[in-house]
Amino acid sequence: MHTIKDKAKLMARVRRIRGQAEALERALEAELGCADVLMLVASMRGAVNGLTAEVMEDHIRNHIVDPDKEDTAQARGASELIEVLKTYMK
């Protein structure tokens with residue numbers, strides 16, 4: 001399974017997200033202003049979206065079709081889907 005193959009990379013992303021969550025918790029405990037809290041939330045959302053996009057791309061490449069290895073209509077559609085996901089999940 002691709003999540004096992006990329007486990008170290010995915011775990012590093014999760015650890016960064018955990019660090020961001022802890023920073024958000026500290027900010028709330030310190031009663032920082034809403035602008036600072038919103039910035040922390042936005043950075044967490046971006047990190048989670050990046051992780052989601054990476055896992056979804058790997059899923060498409062490993063369980064549907066890898067557009068780097070095939071040149072079919074399905075592979076072109078998978079390539080387009082990957083690009084849309086990357087754009088949407090930013």
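Both Val55 and Val14 belong to a single network of hydrophobic side chains, linked directly or stepwise wherever heavy atoms of I, L, V, M, F, W or Y lie under 4.5 Å apart. Linking ILVMFWY residues whenever their side-chain heavy atoms come closer than 4.5 Å, directly or via other members, places Leu40 and Leu28 in the same cluster. Leu24 and Val48 are members of different hydrophobic clusters when ILVMFWY side chains are connected at heavy-atom separations under 4.5 Å. When the side chains of ILVMFWY residues are joined at heavy-atom separations under 4.5 Å, either directly or via intervening members, Met44 and Met39 end up in two distinct hydrophobic clusters.
Counting only distance, with no hydrogens or angles, the side chain of Asn62 and the backbone of Asp58 share a donor-acceptor pair below 3.5 Å.
For Asp66, the side-chain hydrogen bond (donor to acceptor under 3.5 Å, both in side chains) partners are Arg61, not counting sequence neighbours.
Connectivity analysis of hydrophobic side chains (ILVMFWY, heavy atoms under 4.5 Å, direct or indirect) links Tyr88 to Met89.
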Atom pairs and distances, donor-acceptor, side-chain atoms in residues 69-87, under 3.5 Å, two or more places apart:
{"from": "Asp71", "atom 1": "OD1", "to": "Arg76", "atom 2": "NH1", "distance (Å)": "3.1"}
{"from": "Thr72", "atom 1": "OG1", "to": "Gln74", "atom 2": "N", "distance (Å)": "3.4"}
{"from": "Thr72", "atom 1": "OG1", "to": "Ala75", "atom 2": "N", "distance (Å)": "3.0"}
{"from": "Arg76", "atom 1": "NH1", "to": "Thr72", "atom 2": "O", "distance (Å)": "3.4"}
{"from": "Thr87", "atom 1": "OG1", "to": "Glu83", "atom 2": "O", "distance (Å)": "3.0"}

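The distance from the NZ atom of Lys9 to the CG atom of Asp6 is 4.5 Å, given to the nearest 0.5 Å. Expressed to the nearest 0.5 Å, how far CG of Leu51 lies from CD1 of Ile17 amounts to 5.0 Å.
Ala47 and Gln20 make their closest contact through CB-OE1, 3.2 Å (heavy atoms, listed as atom of the first residue, atom of the second, distance).
Dense packing is recorded around CD of Glu29, with more than 12 heavy atoms of other residues, nucleotides or ligands lying under 6.0 Å away.
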